[in-house]
Structure formats: C-alpha cells, structure tokens
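Just below is one structure, and these are the notes that go with it.
Both counts, for ligands and for their atoms, begin at 1 and track the order of listing. This one's a predicted model, so the numbers in the text were calculated from it and none came from an experiment. All residue numbers in this chain count up from 1 along the given sequence.
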Amino acid sequence: MAKKSFWVGLPMQMMYGLVLGVLAGCLVSTEFATTWLQPLGQLFIRLIRMVVVPLVIATLIAGAAGLGDASKIGSIAVKTILVFAITTAIAVTIGLIVANFMDPGVGLSLSVEGLQAKSATPPPLSKVLMEIVPINPMDAFAKGNMLQVIFFSIFFGFCVSVMGEPARMITDFFQKVGDVMIKMTNYVMLYAPIGVFGLISYTVSKHGLAVLLPLGKLILCAFVATVLFVIVTYLPLIKLIGMSVTRYIKGAFEPWLIAFTTCSSAAALAINLECSRQMGASKAIASFVIPLGNTINMNGTSIYMGVTAVFAAQVFGIDLTMSQQFQIVLMGVLAAVGTAGVPGAGLIMTTIVFTEVGIPLEAVALIAGVDRVLDMIRTSVNVLGDSLTALLVSKMEGSLGTEKLDPDTHI
Ligand code: ASP
C-alpha cells in the first residue's frame, strides 16, 4: 500500500513530468515547444508566484512575532544572518577556487562580436542599503520589492511581539493568512507535474545539446563547484542538525524539483516552508528564516558569481590578481544578496561583479546562451540553503522536531 502511494504520489508524478518533458523536448521543434508547451510551464510559475508576496508578509510577521521577546528575536536573527553570511562567502570562494583549477574560459575562441550585453551600473552601497527601507509599504507590496517587504514585515512583527498579549490577535491573524497561502499552494501543486513537463520540454527544446557544447566546460565547472560546496558545507550541516542524508534528500525533494525546473526560488518558497516544517523546523523559526533566506540567501548564485567571474576574465585574457579575487568574493556576496529569486536574475547581477574588477560586460552575453542550465544548478542550491538554515537554527534553539504539525495545513 505504502509502495503504491510512493509511485503515484506527487513527487513521483513530478518526476514523470520531468522525464516525459525531456523526451518531448528532444522530439518537438522549438516553435512547437514555444507555442504549446511553454505556456503550460508559465501558467505554473504564475500560479505559484501568485502566493509569494502575501505568504512572505504573513509568515514573516507571524514568524517575527512568534519568536518571543526582543532578545530572542535578536539572537535568532543573528544566528540566521551568520549562517547565511558564512555559507554565502564559502560558496563564492569555492566557485573561485574550482574555476581557477578548471580554467573554464581558457582556449575558448568564441567571438563576442555582435553580442549585446545588458549592463547594470552598480548603484552606491549607501543607496542600496537606504532603499531597503520602503517609503510606502503598500507600494513595496504592490511592486513585489522583496527586500522592502521583508524589512517592513520583520519590523512590524517585532512591534507586534513587543506589544505582547494585546496584539496577540494580529499574530494569530497573520499565522492563519500564511496557512491559507500554503493551502492555496497545495492546490496549485496538483498542477505541478504538467507545469514541470511544460517547463522542462521547452528548456530542452530551446537549449538542446548543440547549444550547450561550446560552453560545456563552464557548465561542468559550475556543476563541480556546486557538488564540492554541497559536500564541504551542506553535508557537515546535515550532520550537525543530526539528520540522515537520505532523510534530508527525501524531505527536500519537492522544493528542489520546483527550483530546478522553474529556476525560481520564489516559486519554491511555499513548498520549501512546508517541507522544512515536515523535516522538524520550528514554525516560528521556519516562518522567519525561509522567506528571509528566499531573498537574501543565495548560495548557488554565489558559486556562480565566482565561477563566471573567472570564466569571463579568462575569455578576455585578464589575469585576476589576489586582491581582485578578494573583491570578487565581497561583491559576489553582495550581488547574490541583491539577486531576486526569479529566473535569470543572477545573470544581470554578474555585471556588478564584472564591473568591479574591470571585466568587459560582453561576457554576460556569452554566458546568457547557457544561463538556463546554470540557473537550474544555482537555484537548486539557493533553495536547499534556506531549509538547512531553518533546521540548523531550530536545532540551535532546541526546538528541532518538538512541534506537532497542523493536521490540516501540514505546517
Ligand atoms: N534563479 C535564481 C533563483 O531564483 C536567481 C539567480 O538567477 O541567480 O534563486
């Protein structure tokens, strides 16, 4: 009985969608895929992203309010930010080291003539920090400016918590709104197998093997760096949490598959929250860490920053000095924090790193050809980093696996 439900359960249905999508993508023309298959995937992404802003507002307010008194909020926030910062810095560094060893851009004789790179001049840091504070929270909600939404929601949740009992109904209200958004996600997920099919078939048909080959070394390098990062950072974290690797892989499978196929951590947010809870993260901590990490904790994007910087420098024959490599780590961390959880966002943000060390921005156009594949790799890691942090902080706070799940919403 249990075996049967495994083979027909939602995760397996999504796997079937993935495999059939790869097959279909090999068989149909790009025109057919664009007209008929891509919309199936786009519908899925729209449905799943529809819940993001209300979910982040509700869970962060309820999460911050539910963390306890001000000193407890402070200690959890500090632990969370520390885990985010350390893993992110390790990620860029590993990307740099692996790329220096593998030389993904050496010997590449691709012409960049005629390629147009979208450039983004990095704004001054003071402006970036200032703009985290919204002048009008409603405007931030409407535009989906996630850093501003996060700032307001955490501040609001903190005030609710300081007010204590008289504001209790506000915590309860936002907790329920969060639960409703998760419920909505559960319904949307019923469509996931078809959405995954549409997304992957379109991707395979558009970026077939022939497109990937010239830049295969870059993809391989990003893949190796990512695997190495997972081995040296995530495996010890899973050990520290006290969980078996197989249990974690099983628990994180659905958010990973959504991230992999949609290339959007925002799309995987709700399901990541749910799965982290099911793996034992405390509700208040998961509600705080997951939405926050979804926007600012991008380990996969950080690896990518390191790898692409070395790749691009090599393509243009630029020798990176030690101090430039250090600059790449710093700017890579900031660029990853500022990357939105949507497809291709990291590619635009590489311009910040490239500009900093004087790499011509034409490199961006070169990478763009295979960015979808790189995006699948980096978004997977972006999402896993959030659930691991929620579990780790729950463990540090002694609340791992101590709470019962709501039988209705499963969070
Ligand atoms: N697609 C990534 C994400 O959603 C962001 C990026 O492009 O690096 O996490």
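- Among Asn294, Asp375, Leu347, the residue whose heavy atom lies nearest to atom 1 (N) of ligand 1 is Asp375.
- When each atom of ligand 1 is checked for a heavy atom of Asn382 under 4.0 Å away, the hits are 2 (C), 3 (C), 9 (O).
- Each of Val333, Val357, Thr93 was evaluated against Ile328; a single residue qualifies, Val357, per the side-chain contact (heavy atoms from CB on, under 4.5 Å) test.
- Using a distance-only test at 3.5 Å, with no hydrogens or angles considered, no donor-acceptor pair links the side chain of Ser153 to the main chain of Ile150.
- Among all non-hydrogen protein atoms, the one lying nearest atom 7 (O) of ligand 1 is Gly346 N, 2.7 Å.
- Contacts between Arg378 and ligand 1 below 4.0 angstrom, taking non-hydrogen atoms only, involve the side chain exclusively.
- Listed by atom number, the atoms of ligand 1 under 4.0 Å from Thr301 heavy atoms are 5 (C), 6 (C), 8 (O).
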request  = Apply side chain to side chain contact (heavy atoms under 4.5 Å, CB included) to the pair Tyr248 and Ser387, showing each step before the final yes or no.
outcome  = CA-CA 10 Å; Tyr248 179 73; Ser387 56; 2.8 Å; yes
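- Using a 4.0 Å cut-off between charged nitrogen and carboxylate oxygen, Lys183 and Asp179 do not count as a salt-bridge pair.
- In this structure, atom 2 (C) of ligand 1 lies nearest to the protein heavy atom Thr379 OG1, 3.3 Å.
- Residue Ala345 has at least one N or O atom closer than 3.5 Å to an N or O atom of ligand 1.
- A salt bridge links Asp375 with Arg378: at least one charged nitrogen is closer than 4.0 Å to a carboxylate oxygen.
- Below 4.0 Å from some heavy atom of Thr339 lie the following atoms of ligand 1, by number and element: 5 (C), 6 (C), 8 (O).
- For atom 3 (C) of ligand 1, the nearest protein heavy atom (residue, atom name, distance) is Ser265 OG, 3.0 Å.
- Nearest heavy atom pair, residue Ala33 against residue Ser205, reads CB-OG, 3.3 Å.
- Ligand 1 has a nitrogen or oxygen under 3.5 angstrom from a nitrogen or oxygen of Val342.
- In this structure, Val315 and Leu366 have side chains that are in contact, with non-hydrogen atoms separated by less than 4.5 Å.
- Atoms of ligand 1 found under 4.0 Å from any heavy atom of Gly341 (numbered from 1 in listed order, with element): 3 (C), 4 (O).
- Within the structure, ligand 1 has Ala340 among the residues with a heavy atom less than 4.0 angstrom away.
- Ring orientation note: the planes of Phe155 and Phe151 are nearly perpendicular, at an angle over 60° on the 30°/60° scale.
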